[in-house]
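Below: the structure, in structure tokens.
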Amino acid sequence: METKPRADSSVIETLADLVRINSVNPNYEGGVNELELAEYVEQFFELRGIECWRQTVFPNRPNIIARVAGSDATRRVILEAHLDTVSVQGMTIAPWEPTIRDGKLFGRGACDTKGGLAAMMHAVARVVEEDLVPDCDVWFAATIDEEFSYRGVWALCNAPPLEAVAAIVAEPTDLQGVIASKGVLRFKIETIGKSAHSSKPHLGVNAIEQMAQMIMALEQDTRQLAGHQHPLLGPATCNVGVIRGGVQVNFVPDRCEIEVDRRLLPHETQAQVLAGFQQLLDDLAQPPHAINAVMHPPMLTDLPLETDPREPAVQTLVAVLAELELPTELVGVPFGSDASKFGARGIPSMILGPGSIDQAHAAVEFVDCQQVLTAAEIYFRYLMRFR
């Protein structure tokens with residue numbers, strides 16, 4: 001097998017087509033459903049005579065699944081990429097006009113994650129075009145809703161329960177193999193006071209002042225996280241990202257709320273972390289603080305990922321990267337992805353794709369075209385090498 005990636009301009013042409021299609025998640029401003037992009041992916045495979053079907057998750061929001069038969073139909077390898085993007089708010093380039101400059105393709109989703117999507121589509125198509133038969137069945141899945149609450153991949157994994165021997169998820173990793181990622185809990189804490197006129201504040205209980213004490217206690221609690229380091233992910237983190245409170249300046253505010261983003265390490269469970277926050281609230285309810293606060297159910301949860309590097313699925317990826325003279329060090333990332341949902345099904349899962357996470361969601365989003373071509377080669381070789 002040749003040791004350098006094929007120079008295939010059709011991969012970049014497909015990427016440009018994908019970027020032209022608005023697929024901002026409908027839960028964000030300016031969003032649409034993913035149907036138009038899903039139809040493009042579906043037609044890509046149908047035109048090549050590759051088995052393809054829809055999995056309807058919500059009306060006009062289907063996952064698209066393509067299959068290439070392997071010599072052993074009892075074993076399945078999955079390539080997966082999401083269809084949706086984040087909002088285009090704040091972008092300083094035309095989001096749906098793909099432009100190539102200095103070897104980079106610019107546009108919303110080019111990096112996260114239409115570059116990986118195009119590369120996976122062409123890797124699967126190449127297996128058929130070259131009349132090859134992989135050892136395992138190959139599934140390619142283009143899923144909805146990754147940028148909001150992962151409901152596309154949850155449907156893929158659980159309706160009916162999915163089985164596979166390996167999964168690679170396309171996210172911008174600069175072509176590094178990722179085997180660990182943090183989980184996330186997002187939830188609200190609300191302090192409850194008593195309203196009064198601002199000229200007689202002693203008659204009320206200021207919920208914003210209570211929240212100030214709450215945030216200081218959270219900050220102190222967060223410092224302790226640095227004492228527990230994961231070898232690939234570092235420490236867990238906690239961030240207060242939103243605060244709301246008060247009605248007008250001459251009222252003593254009776255309500256204040258914050259939104260908390262807590263990133264989990266693989267050894268942590270959501271129940272344990274939430275119990276820790278509840279204990280903090282219980283402690284602050286006692287004198288001298290006497291803070292009346294409630295923690296609301298999580299708005300979003302996601303599992304951490306930790307795949308054993310000794311898994312054959314991982315070692316195959318390392319071998320492919322070595323063959324292409326790419327870095328073989330396995331790393332962890334702080335961001336979430338669809339990969340942890342495959343991991344929760346017991347499927348050895350990895351994250352790898354073109355582009356840098358620093359360009360994802362950015363005002364000027366782009367992906368390096370050569371990385372997209374190299375990603376297509378990695379995915380193709382993986383499908384043909386995995387036993």
Side-chain angles (χ1 to χ4, degrees), residues 1 38-39 41-57 62-83 116-144 150 152-170 177 179 305 307-321 323 337-353 375-387:
M1 183 177 287
E39 288 176 337
V41 175
E42 182 179 52
Q43 291 169 10
F44 175 93
F45 290 108
E46 288 178 343
L47 288 171
R48 290 161 174 80
I50 297 172
E51 180 184 1
C52 183
W53 66 94
R54 296 186 184 190
Q55 179 189 33
T56 299
V57 183
N63 294 334
I64 301 298
I65 303 165
R67 172 181 176 268
V68 175
S71 57
D72 184 353
T74 67
R75 304 175 77 242
R76 179 183 298 137
V77 173
I78 298 171
L79 301 183
E80 191 262 9
H82 62 86
L83 294 163
L117 175 62
M120 284 185 168
M121 290 164 63
H122 279 267
V124 173
R126 182 177 167 189
V127 175
V128 175
E129 289 164 2
E130 297 188 10
D131 199 25
L132 301 171
V133 179
D135 285 324
C136 302
D137 266 18
V138 172
W139 274 27
F140 166 74
T143 59
I144 69 158
Y150 307 108
V153 71
W154 277 119
L156 177 68
C157 288
N158 297 295
L162 183 68
E163 294 183 2
V165 292
I168 299 180
V169 171
I179 57 170
L305 172 73
T307 302
D308 190 333
R310 298 168 295 182
E311 285 281 354
V314 178
Q315 288 303 305
T316 299
L317 181 61
V318 170
V320 169
L321 294 173
E323 193 173 75
S337 77
D338 285 343
S340 61
K341 275 57 81 181
F342 294 112
R345 289 284 314 154
I347 300 169
S349 304
M350 300 145 286
I351 310 167
L352 182 142
E377 188 73 23
I378 293 169
Y379 302 143
F380 170 74
R381 294 191 186 206
Y382 189 91
L383 297 177
M384 299 312 304
R385 177 184 280 269
F386 187 80
R387 303 280 188 280

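All residue numbers refer to positions in the sequence shown, counting from 1. These values consider heavy atoms only, across backbone and side chains, with no hydrogens, waters or symmetry-generated copies.
- A cation-pi geometry, defined here as NZ or CZ lying under 6.0 Å from the six-membered ring centre and within 45° of its normal, does not hold between Arg381 and Tyr379.
- The ring-ring contact (aromatic ring centres under 6.0 Å, His included) test applied to Phe342 returns no partner, not counting sequence neighbours.
- In terms of modelled atom types and a separation under 3.5 Å, the side chain of Asp338 and the main chain of Val153 share no donor-acceptor contact.
- Cation-pi geometry between Arg76 and Trp139 is met: under 6.0 angstrom from the ring centre, within 45 degrees of the axis.
- Residues Pro134 and Val127 come closest through the heavy atom pair CD-CG1, 3.8 Å.
- Distance OG1/Thr143 to CD1/Ile65: 9.5 Å, rounded to 0.5 Å.
- Contact annotation: the side chain of Asp72 never approaches that of Cys136 to less than 4.5 Å [non-hydrogen atoms, C-beta and beyond].
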Using a 3.5 Å cut-off and no angle test, enumerate the donor-acceptor pairs between side-chain atoms of residues 154-167 and protein atoms at least two apart in sequence or in another chain.
| from | atom 1 | to | atom 2 | distance (Å) |
| --- | --- | --- | --- | --- |
| Asn158 | ND2 | Trp154 | O | 2.9 |

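- The shortest distance between side-chain heavy atoms of Val314 and Asp308 does not fall below 4.5 Å.
- Annotation: side chain of Ile78 is not in contact with side chain of Val169 (no heavy-atom distance under 4.5 Å).
- Ion pairing between a basic and an acidic side chain is recognised when a charged N comes within 4.0 Å of a carboxylate O; Asp135 and Arg387 show such pairing.
- Taking all atoms of both residues into account, the shortest heavy-atom contact from Ile168 to Met120 is O-CE, 3.4 Å.
- Shown here for Leu83 and Pro62, the closest heavy-atom pair between the two residues is CD1-O, 3.9 Å.
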Apply side chain to side chain contact (heavy atoms under 4.5 Å, CB included) to residues Glu377 and Glu323 and explain how you reach the verdict.
CA-CA 11 Å; Glu377 188 73 23; Glu323 193 173 75; over 6 Å; no
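- Evaluation of the salt bridge (charged side-chain N to carboxylate O under 4.0 Å, His left out) test over residues 340-350, restricted to residues two or more places apart or in two chains, returns Asp302-Lys341.
- The residues Arg67 and Asp137 are annotated as salt-bridged, a charged nitrogen and a carboxylate oxygen being separated by less than 4.0 angstrom.
- In this structure, the side chain of Tyr382 engages the main chain of Ala313 through a donor-acceptor pair within 3.5 Å.
- At least one donor-acceptor pair closer than 3.5 Å links the side chain of Thr307 to the backbone N or O of Ser349.
- Using a 4.5 Å heavy-atom cutoff, the side chains of Leu132 and Phe380 are in contact.
- The minimum heavy-atom distance between Cys52 and Ile64, with the atom names listed, is SG-CG2, 3.5 Å.
- Ring geometry, Phe140 versus Phe45: the interplanar angle falls from 30° to 60°, so the pair is classed tilted.
- Nearest heavy atoms, Gly152 versus Val57: CA-CG2, 4.3 Å.
- The two residues Leu305 and Gly343 make their nearest non-hydrogen contact at CD1-CA, 4.3 Å.
- A distance of 9.5 Å separates CZ in Arg126 from CE in Met384, rounded to the nearest 0.5 Å.
- When side chains are defined from C-beta on, Leu383 counts as touching Leu79, because their heavy atoms get closer than 4.5 Å.
- Using a 4.5 Å heavy-atom threshold, the side chains of Glu129 and Arg48 count as touching.
- Here CD of Glu80 is found 9.5 Å from CG of Leu117. Values are rounded to the nearest 0.5 Å.
- Inter-residue side-chain proximity for Leu317 and Ile378 is flagged as met; some heavy-atom pair is nearer than 4.5 Å.
- Between Glu42 atom CD and Leu47 atom CG the span is 10.5 Å, to the nearest 0.5 Å.
- You'll find the side chain of Glu39 reaches within 4.5 Å of the side chain of Arg54, heavy atoms only.
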